[in-house]
Amino acid sequence: MTGTGAPPSLRVSRLAYAYPDGTQALFGVDLTIRRGERVALLGPNGAGKTTLVMHLNGILTAGHGTVEVAGLPVRKDTLLEIRRRVGLVFQDPDDQLFMPTVRDDVAFGPANLGVRGDELDRRVRDALTRVGMLDVIDRPPHHLSFGQRRRVAVATVLAMEPEILVLDEPSSNLDPASRRELADILKNLDVTVLMVTHDLPYALELCERSLILSDGVIAADGPTRSLLADADLLAAHRLELPYGFAVPALQQ
Amino acid sequence: MSAGHHHRLYLPGDTPVHLLPPQCKLVAVAAFAVAVVATPRERLWAFAVHALLLTVVAAVARVPAGFILRRMVIEVPFVLFAVAIPIIGTGARTEVLGMSLSVPGMWAAWNILAKASLGVVASILLAATTEPRAMLLGAERLRLPPLLVQIASFMLRYMDVILDQMRRMRVARESRAFVARDLRQAPVLARSAGALFIRSYERGERVHLAMLSRGYTGEMPITRDLSASGRDWGMAAVLPCLAAATAVLSWSLT
Amino acid sequence: MHVPDGFFDLPVSVGAGAVAVAGLAVCLRGARRELDDRTAPMAGLVAAFIFAVQMLNFPVAAGTSGHLLGGALAAILVGPYTAVLCVSVVLLVQGFFFADGGLTALGVNITLMAMVTAIVGWGVFRLITRSAPGSRAVIVAASFVAALVSVPASALVFTLLFWIGGTAPIDVASVAAAMGGVHVLIGIGEGLITSLTVSSVLAVRPDLVYGARGLAKRLVLRTAEGFEAPLVAAPATGEAPVGRIRPLLIGGGLVAILLAGVVSFYASGSPDGLERVAADKGLNAHEEEHGLSDAPLADYGVKGIEDERLSVGLAGVAGVGITVLAGGAVFYTVRRRRRHRAAV
């Protein structure tokens, strides 16, 4: 269970942050994600999930506290390396796919890291193969279906060979088939995953462990199954399982 | 100007015109337009030659005449304007079918119609044989400021997304029985425009964050370089050179 | 309505092209300063927005409808540099991809529809918001006036260019009257939509309205431990109100130059102006009209605008004038910004 000597993929300690307009979103977040884990970060709207995510690759910088990715602290001088290590997949794939073609888009990240030529091509093809989207390599993103765009968005990040993949609401707006396909892809990826969502069944399916972020602090941390079986805990943090869905409680 | 924007602009193909590097085509079309504008309007034969040149290009590029004609509707406002010139124009008057028309006005109308049409057709052929992305790469190759090219590239990428949003807003308006009759309906349109701006701006911010997340530091990485050989340039030069020769000839011949 | 090829003669097209290139070069720097590394995505999205909003037709009067030019709106929402850049990119894309607007007329189109609308719009807006205390109502009213003025201003510059190097033999005074009349009407629509749009953005995200940056309040930051720290500058809304005299001067100067242009234009273009007739008679000798020389009005017909030297000369003068105007406006903004930088 405990570490193998390698630093954890992600360690956040005492992270606090207030927006310029004075609204404080995070009030001292602590969390650790070990290498290879798949963890769900659950929380209602407005809990500070997106704010937390923005700290993980230094888009926002901590008002207080630290973020470390595989032992490397997020600081101004480490930003480029941090952004390589943390692959952020945004909620709206249209925000993420900004280049004229899928190929250009997937190449954007590694090219910023200085990768060129055959190596760049290999990375692009490899990343697209991992999400099963190699056949759309020369298409413009806006000609793809929503589910396809989300998978390509995952590929754009995979091409950077990240230490940890952070997905913001990966299942939102997906039809059931696309949802299933994405789940299969995520299960087969060999990277650490932090999945931010309020889709509880999806968290249960994909992640052994879950964190509940509520009012800017981590309110619970444990096996997904037991968190979801605790109706009182969920209710206290404005989380709900879909109608007709029940998680058999395990031995507490 | 709302007409025509939703037609397909690019016709895929592998004709010699399609295969020319985009930067060559851009220069060729621009030079052609200059040659056309420089041609004196009285030399009708010169315009026939220009038109013939474009016809040959269209044939080589296998762009159907119907496609070109359909996209030429963009010109309609100026055709209407051109028709009005002989009526409101000054100068010598002559009787045509019982109407008193200005002779210089008719020349002017012909001048605008001929040159505008040739320019429009040349641009249509350019867009029909060049992928939008290639056009941008070509522009970059021609040393256009990279920032300008990037802005255009983002604009092209998100144009459809934003037009879609606008369409959804219109559907939402109209499904509540809204009809823009006169300026009193302006507040409703303006609220849509305001909402559209906020959405566009916020998307811009999110796109920027997405770029930062993948290591963007202010420069777009150049992952591909289009080079044009002397032969490409030579091929592309045929059209503007013939047009220029026509223009020069039309100046010197009387 | 985008000017097509063949509407203006070559010297005017080239002159306006030079103005457009110079203006774009300045705006590229300016926008970089305003937006930093966000320039490409932000300006791209705003350009897409303008492209979309230009399709928003509004009825002007019985049977006719206008569409938003958007120059003034863009200047108020995202600042003058970015606005010129965005509208120019829209025009470039329309020219090259949609065949909308002639390629040789790109300079004219950029000068008229991007530069004049944005610079005049911004100048008027600034003039009003500087002299009146900043409040939402003032900003909305200023937006209305700015957009209203920007449209006929653009039409007048069009008329000016037409006078210098238009290819149609239409009496300049009647062009001015027609353009002016119609465009004041269109301007009212433009002003209404612009001000209401600005107002609706102000209601939801006031921090996004560039022209309302002076309204932003200083913010306070609070951390988990509960201590409060005054914020030096809010990154998103940061622009504090700055110097009040120079903008007024420059704004006034801008309008003065514009008025000077308009007045001098009217002085020479007014019906039956003696100078004009003299010029026409002196300069009309054109072989192309020889077949009509027996027509009684032939001498008046050519209007002098076809004369190469005069056109070139005037195009040059106009080019220099507009460049000075644009340059001056830009210089002032740069200075202002630098001062602001230093102050922060």
Side-chain angles (χ1 to χ4, degrees), chain B residues 1-2 5 9 30 33-34 36-38 42 71 74 77-78 85 88-92 102-105 108 111-112 115-116 119-120 123-124 127 132 135 145 147 150-152 154-155 158-159 162-163 166 180 182-183 186-187 189-191 193-194 196-198 200-201 203-204 207-208 211 218, chain C residues 1-2 4-7 10 13 24 28 37-49 51-53 55-59 77 85 89 92-93 95-100 102-104 167-171 174 189 192-193 196-197 200-201 204-205 208 288 292 295 297-298 300-303:
Chain B
M1 59 152 274
S2 52
H5 281 318
L9 303 174
V34 171
V36 166
V37 172
E42 291 75 21
R71 291 217 40 218
I74 202 100
F78 270 91
I85 300 174
I88 60 172
T90 54
S102 147
V103 174
N111 182 52
I112 291 173
K115 292 178 178 175
V120 165
S123 299
I124 292 172
M135 194 110 79
L147 190 55
Q150 285 171 33
I151 296 172
F154 279 101
M155 176 190 158
Y158 286 105
M159 208 164 64
I162 289 178
L163 286 175
M166 196 167 82
D182 53 48
L183 273 180
L189 291 183
R191 253 194 303 282
L196 198 64
F197 171 74
I198 293 172
S200 308
Y201 199 92
R203 185 182 292 281
V207 169
H208 178 241
M211 293 169 76
Chain C
M1 192 145 102
H2 298 15
D5 287 317
F7 202 88
L10 214 46
S13 305
L24 277 182
L28 279 168
D37 69 341
R38 299 189 306 154
T39 310
M42 297 311 297
L45 264 296
V46 174
F49 161 74
F51 181 85
V53 104
M55 291 185 174
L56 216 57
N57 282 292
F58 53 85
L77 288 178
L85 215 53
V89 167
L92 282 167
V93 167
F96 279 99
F97 292 83
F98 297 102
D100 196 1
L103 295 188
T104 59
T167 55
I170 301 173
D171 185 48
S174 52
L192 211 56
I193 302 245
L196 290 167
T197 304
S200 77
V201 177
V204 188
R205 290 283 310 262
L208 295 192
E288 68 204 37
L292 308 159
L297 290 171
Y300 299 94
V302 189
K303 282 285 167 215

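Just so it is clear, the model here is predicted, and its values are computed rather than measured. Numbered from 1 within each chain, the chains take letters A, B, ... in sequence-line order.
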Under the side-chain hydrogen bond (donor to acceptor under 3.5 Å, both in side chains) test, residues paired with C:T104 that sit two or more places apart:
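Residues passing side-chain hydrogen bond (donor to acceptor under 3.5 Å, both in side chains) with C:T104: C:D5.
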Inter-residue atom distance C:L45.CG - B:I162.CD1, 0.5 Å rounding
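If we round to the nearest 0.5 Å, C:L45:CG and B:I162:CD1 are 5.0 Å apart.
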Value rounded to 0.5 Å, distance of CZ in C:F49 from CZ in B:R203
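If I round to the nearest 0.5 Å, the distance is 14.5 Å.
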Could you tell me which of [options] has the largest number of non-hydrogen atom pairs under 4.5 Å with chain C?
options                        : value
B:K115, B:M135, B:M155, B:Q150 : B:M155
B:A193, B:A30, B:G105, B:G119  : B:A193
B:P145, B:P132, B:A127         : B:P132

Region of [X] in contact with chain B, defined by heavy-atom distances below 4.5 Å:
X     : value
C:L92 : side chain
C:V93 : side chain
C:L85 : side chain

State, to 0.1 Å, how close B:A38 and C:L10 come at their nearest heavy-atom pair, and which atoms those are.
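The pair with the smallest heavy-atom distance is CB-CD2, 3.7 Å.
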Please name the pair of heavy atoms, one in C:P4 and one in B:A116, separated by the smallest distance, quoted to 0.1 Å.
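For C:P4 versus B:A116, the nearest heavy atoms are CB-CB, 3.6 Å.
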Who wins among C:V204, C:L28, C:V46, C:L77 for the most heavy-atom pairs under 4.5 Å with chain B?
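Max contact count across the listed options: C:L77.
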Closest-packed option against chain B by number of heavy-atom pairs under 4.5 Å, given C:G102, C:A47, C:G95:
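It is C:A47.
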Taking side-chain contact (heavy atoms from CB on, under 4.5 Å) as the test, write out the residues that go with C:R38, two or more places apart.
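If we apply the side-chain contact (heavy atoms from CB on, under 4.5 Å) test to C:R38, skipping adjacent residues, the hits are B:Y201, B:E205, B:H208, C:L35, C:M42.
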